[in-house]
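Predicted model only: the values in this text are computed from it and were never measured.
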Amino acid sequence: MLYIHSLKDAEEIFKALSTPMRLRIMELIHEQEMSMNDLAEALNLTNSAISLHVSKLEDAGLVTIRTAPGKRGMMKIVQPVYSRMVVDIAPQNKPGHCYQDDISIGQYSSCDPHPTCGLATTSSIIGELDAPRVFSYPERFRAGILWIGHGSITYNLPNRLNAGQILRELRISFEISSECPEINEDFPSDIYFEINDVPLGKWISPGDYGSRRGIHSPHWWPDLLNQYGLLKTLIINSEGTFIDGTHRISEKTIADLNIDYNSSIYFTLSVPKDTANCGGMTLFGEGFGDYSQNIRVKAYYSNS
């Protein structure tokens, strides 16, 4: 999901979607995989006209283009980046100061993985599959994907607050899905979140996605392994804890975390073995999935 915090931030996207033809292109590529030639034929347009429309959508970050073998050489496949978009129309009262960091998938501070499990860099699987011990291998710092059947992963998030600065909101975004042996797009999983041992609630992942290859899946990545997830944003502020700013998952507020400039910040994602939907968890980072994004942390603060 694409979460846009203001009308101004959405301006380029609105421009890209301002013509009926581009809206129709977005509808078509969500219905099925289509090449540039397929779109031209379906919409009765020339290849140059389709290229112009797709270029506008690509510049706005709404589509990506990948090449694939076709009947007459290579063809360009147009793929959507997002399946949903939320735009905040009302002005936000968020503090204007922000620290941002990206944490790589393998940079966890502790873990408790249980099969099915594993992790990989963009060039190879680390160690072997379904062996929790490989999560301690030093290669894990280069991992771009990890998955567990149940258990937990904890990251030590940077605290860049200075003395006198007050944390007002945390936003943590990540690409995530369930973890099923092979692939199952209807495989719910209860994924719980904690910061500094304070439970923040859970989000139910719908499934383990693999009906198509991930946009950024390495060429060697097996088709039967997790291909992509959903981009979710965990938000903790003075009003509670939310997923994507629209779905409240608990009443815990930023004040409940008691974070000041001296605090450590430990962020845990877990799937308990005894939860109702024990469907595992996959985290996608740079070089994998649909977004090629590591865990992104934004800390909004004000000066006292």
Side-chain angles (χ1 to χ4, degrees), residues 1-6 84-101 103 108-110 112 148 150-161 164-178 188-206 229-281 283 295-304:
M1 191 196 81
L2 176 60
Y3 181 27
I4 304 175
H5 309 301
S6 70
R84 186 181 178 206
M85 179 174 66
V86 173
V87 180
D88 286 332
I89 295 177
Q92 300 298 299
N93 294 320
K94 190 162 61 262
H97 305 292
C98 175
Y99 295 120
Q100 177 175 312
D101 286 283
I103 313 300
Y108 45 83
S109 55
S110 64
D112 179 31
I148 60 174
H150 65 91
S152 64
I153 303 290
T154 298
Y155 295 89
N156 187 0
L157 306 182
N159 183 352
R160 298 188 183 276
L161 294 174
Q165 294 178 343
I166 300 172
L167 184 63
R168 299 298 186 184
E169 181 173 289
L170 269 178
R171 292 178 177 252
I172 308 170
S173 66
F174 39 82
E175 185 176 354
I176 193 168
S177 75
S178 306
S189 185
D190 299 338
I191 300 176
Y192 292 78
F193 308 104
E194 293 182 1
I195 288 183
N196 293 351
D197 297 323
V198 177
L200 297 175
K202 72 176 180 182
W203 169 73
I204 302 177
S205 169
L230 303 175
L231 189 65
K232 311 305 293 183
T233 302
L234 180 70
I235 301 171
I236 311 102
N237 58 30
S238 61
E239 298 177 3
T241 301
F242 303 83
I243 290 289
D244 296 333
T246 57
H247 173 51
R248 184 192 298 270
I249 62 173
S250 83
E251 301 297 322
K252 294 294 184 181
T253 69
I254 196 72
D256 293 320
L257 302 182
N258 293 313
I259 294 173
D260 63 19
Y261 74 102
N262 280 319
S263 303
S264 297
I265 306 176
Y266 289 100
F267 173 52
T268 300
L269 307 94
S270 65
V271 179
K273 186 177 182 180
D274 59 355
T275 193
N277 299 297
C278 184
M281 170 177 62
L283 283 170
I295 297 172
R296 181 159 296 161
V297 183
K298 292 185 177 181
Y300 293 91
Y301 65 92
S302 62
N303 294 308
S304 60

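Between Y300 and L167, the shortest heavy-atom distance links the atoms O-CD1, 3.5 Å. Residues V271 and G279 share a closest heavy-atom pair of CG1-N, 4.2 Å. In this structure, R248 and G240 approach most closely via the heavy-atom pair NH1-CA, 3.8 Å. When all heavy atoms of R168 and S302 are compared, the pair lying nearest together is NE-OG, 2.7 Å. Here the closest heavy-atom approach between residue S263 and residue N258 is recorded as OG-O, 3.6 Å. Nearest approach of I204 to P188, heavy atoms of both residues: CG2-CB, 3.9 Å.
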Please evaluate residues L170 and I254 with respect to the criterion side-chain contact (heavy atoms from CB on, under 4.5 Å), reporting the C-alpha separation (whole Å), side-chain torsions for both, the decisive distance (0.1 Å), and the verdict. CA-CA 8 Å; L170 269 178; I254 196 72; 4.3 Å; yes
Go through N159 and I259 one step at a time and tell me if the side-chain contact (heavy atoms from CB on, under 4.5 Å) criterion holds. CA-CA 9 Å; N159 183 352; I259 294 173; 4.2 Å; yes
Going through the checks in order, is the side chain to side chain donor-acceptor pair (under 3.5 Å) test met by S178 and S189? CA-CA 6 Å; S178 306; S189 185; 4.6 Å; no
Begin from the C-alpha positions of F193 and I249 and carry the test side-chain contact (heavy atoms from CB on, under 4.5 Å) through to its verdict. CA-CA 10 Å; F193 308 104; I249 62 173; 4.0 Å; yes
Could you walk me through whether I195 and I172 pass the side-chain contact (heavy atoms from CB on, under 4.5 Å) test, one step at a time? CA-CA 11 Å; I195 288 183; I172 308 170; 4.1 Å; yes
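Using a 4.5 Å heavy-atom threshold, the side chains of M281 and I176 count as touching. Annotation: side chain of S109 is in contact with side chain of T154 (closest heavy-atom distance under 4.5 Å). Using a 4.5 Å heavy-atom cutoff, the side chains of S264 and Y266 are in contact. Inter-residue side-chain proximity for I236 and L200 is flagged as met; some heavy-atom pair is nearer than 4.5 Å. When side chains are defined from C-beta on, I235 counts as touching E169, because their heavy atoms get closer than 4.5 Å. The side-chain heavy atoms of I243 and L234, taken from C-beta on, include a pair separated by under 4.5 Å. Contact of the I103 side chain with the V297 side chain is registered, since non-hydrogen atoms from C-beta on lie closer than 4.5 Å.
Between the CG atom of D244 and the NZ atom of K232 there is a distance of 4.0 Å, given to the nearest 0.5 Å. In this structure, OH on Y155 lies 7.5 Å from OH on Y108, to the nearest 0.5 angstrom. Considering CD1 of I295 and CZ of F174, their distance stands at 7.5 Å, rounded to 0.5 Å. Taking CD1 of I148 as the start and CG of D112 as the end, the distance is 7.5 Å to the nearest 0.5 Å.
No side-chain donor from either of R171 and T233 sits under 3.5 Å from a side-chain acceptor of the other. Between the side chains of Q165 and Y99, a donor-acceptor pair is found at a separation under 3.5 Å. A donor-acceptor contact under 3.5 angstrom links the side chains of T275 and Y192, judged on distance only. S152 and S270 share no donor-acceptor pair across their side chains, judged by distance under 3.5 Å alone.
Within a 6.0 Å sphere centred on CG of D197, other residues, nucleotides and ligands contribute 12 heavy atoms or fewer.
Below 30°, between 30° and 60°, or above 60°: for Y301 and H97 the angle between ring planes is below 30°, a parallel geometry.
Under a 4.0 Å N-O distance rule, the pair R160/D101 qualifies as a salt bridge.
At least one donor-acceptor pair closer than 3.5 Å links the side chain of T241 to the backbone N or O of K252. Listed for the N196 side chain is no donor-acceptor partner under 3.5 Å among the backbone atoms of V198. For E175 (side chain) and G229 (main-chain N/O), a donor-acceptor pair under 3.5 Å exists by modelled atom type.
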